[in-house]
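Working notes, beginning with the structure itself.
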Amino acid sequence: DGRIVVAGLTKQYKNLRAVDNLSFTVEPGRVTGFLGPNGAGKTTTLRMLLNLVTPSGGTATIGGRRYADLSDPLRQVGAILEASSAHKGRTGINHLRVICAAAGLPRRRADEALELVGLAPAAKRKFKGYSLGMKQRLGIAAAMLGDPRVLILDEPANGLDPEGIRWMRGFLKNLAAEGRTVLVSSHLLSEMQLLADDVVIIAAGKLVRQGTVTEVLGSM
Ligand code: ADP
Ligand code: ADP
């Protein structure tokens with residue numbers, strides 16, 4: 001399955017312990033928020049999950065395997081780690097087709113992913129003319145190209161207007177309802193209350209609390 005298990009995960013940068021013996025789980029079929037102030041260690045944790053940063057200790061697994069040991073990681077795990085960037089003169093659809101070609105995915109997946117995020121009408125417009133919300137959606141479309149069962153999104157609601165956040169909520173809830181695992185970070189409590197079913201809160205690299213949004217954020 002697509003369960004994420006983080007166990008004793010630690011990342012030491014010289015004098016700074018960015019992630020400190022962190023343990024939590026993320027269940028399929030739910031939207032899980034990963035909440036903490038800037039500098040808490042969220043991005044470092046997500047990058048360790050994706051094998052982009054090497055842990056100093058502990059493990060992070062997806063469906064029981066480390067990312068590096070997944071048989072077909074791009075089809076199993078989709079991720080956006082920062083505001084989507086694309087060649088500015090390229091159209092949205094071409095951006096996705098280039099990724100499909102590089103990843104060995106069928107070209108039709110580009111059209112399907114654009115449709116999925118509601119960007120089909122802007123398929124042939126150039127990236128440089130996209131609004132921030134459209135750029136975020138294009139990033140999500142790129143993460144969805146491989147039809148992954150696990151989605152990891154770092155601050156996807158950053159800079160979105162209320163309508164964009166409402167769209168994101170519906171989109172993520174649908175993915176979870178299909179049984180996918182959705183892990184989404186934010187430094188804003190208000191975003192987590194809107195977007196997530198469960199929440200994992202960290203501060204200074206350490207776990208503060210994990211539970212449902214109602215039980216954890218309702219009691220703050
Ligand atoms: P968050 O995503 O919660 O804002 P980060 O994971 O980006 O937090 O950063 C956690 C801490 O680790 C911060 O103090 C940051 O400056 C530091 N940090 C992140 N990456 C590195 C790195 N490659 N080298 C040194 N320090 C880093
Ligand atoms: P690693 O692969 O060792 O986990 P990264 O590839 O994330 O590290 O970063 C490489 C280098 O970039 C780090 O050693 C650090 O010097 C610098 N760096 C990146 N992000 C940060 C940050 N947020 N704060 C301080 N230094 C950083």
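Counting convention: from 1, in listed order, for ligands and their atoms alike. The first residue of the sequence shown is numbered 1, and numbering continues consecutively from there. Keep in mind the model is a prediction, meaning the values are calculated, not measured.
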Any atoms of ligand 1 less than 4.0 Å from a non-hydrogen atom of Ala18? List them with their elements.
11 (C), 12 (O)

Would you kindly specify which portion of Ser185 sits under 4.0 Å from ligand 1, judged on non-hydrogen atoms: side chain, backbone, both or neither?
neither

Short N/O distance, under 3.5 Å, between Thr45 and ligand 1?
no

Hey, does Ile80 have a side-chain heavy atom less than 4.5 Å from the side chain of Pro156?
yes

Taking only heavy atoms of Lys42 into account, list the atoms of ligand 1 that are under 4.0 Å away from them.
1 (P), 2 (O), 3 (O), 4 (O), 6 (O), 8 (O)

Assess the residue pair Tyr130 and His95 against the criterion (side-chain contact (heavy atoms from CB on, under 4.5 Å)); give the C-alpha distance rounded to whole Å, side-chain angles, the decisive distance to 0.1 Å, and a yes or no.
CA-CA 13 Å; Tyr130 277 22; His95 172 66; over 6 Å; no

Flag the pair Arg97 / Asn94 as yes when at least one side-chain heavy-atom distance between them is below 4.5 Å, and no otherwise.
yes

Arg65 side chain to Asp69 backbone, donor-acceptor under 3.5 Å
yes

Between Leu81, Asp154, Thr44, which one has a non-hydrogen atom sitting closest to atom 5 (P) of ligand 1?
Thr44

For atom 11 (C) of ligand 1, which candidate among Pro37, Gly41, Gly39 holds the nearest heavy atom?
Gly39

Ligand 1 contacted by Gly36 (non-hydrogen, < 4.0 Å):
no

Side chain to side chain donor-acceptor pair (under 3.5 Å) between Ser56 and Gln12, worked out
CA-CA 6 Å; Ser56 313; Gln12 184 80 33; over 6 Å; no

Sub-3.5 Å N/O-N/O distance, Thr43 and ligand 1:
yes

Considering the heavy atoms of Asn38, write down every atom of ligand 1 situated less than 4.0 Å from one of them.
4 (O)

Where the side chain of Gln136 meets the backbone of Asn158, is there a donor-acceptor pair that is under 3.5 Å apart?
yes

Closer than 3.5 angstrom, by distance alone: can the side chain of Thr181 be matched with the main-chain N or O of Gly2 as a donor-acceptor pair?
yes

Those atoms of ligand 1 less than 4.0 Å from some heavy atom in Ala40:
1 (P), 3 (O), 8 (O)

Is it the side chain, the backbone, both or neither of Leu16 that has a heavy atom closer than 4.0 Å to ligand 1?
side chain

Which residue, Leu160, Val117, Leu172, Asp161, forms the side chain to side chain contact (heavy atoms under 4.5 Å, CB included) with Trp167?
Val117

Check for me whether Gly205 has a heavy atom closer than 4.0 Å to any atom of ligand 1.
no

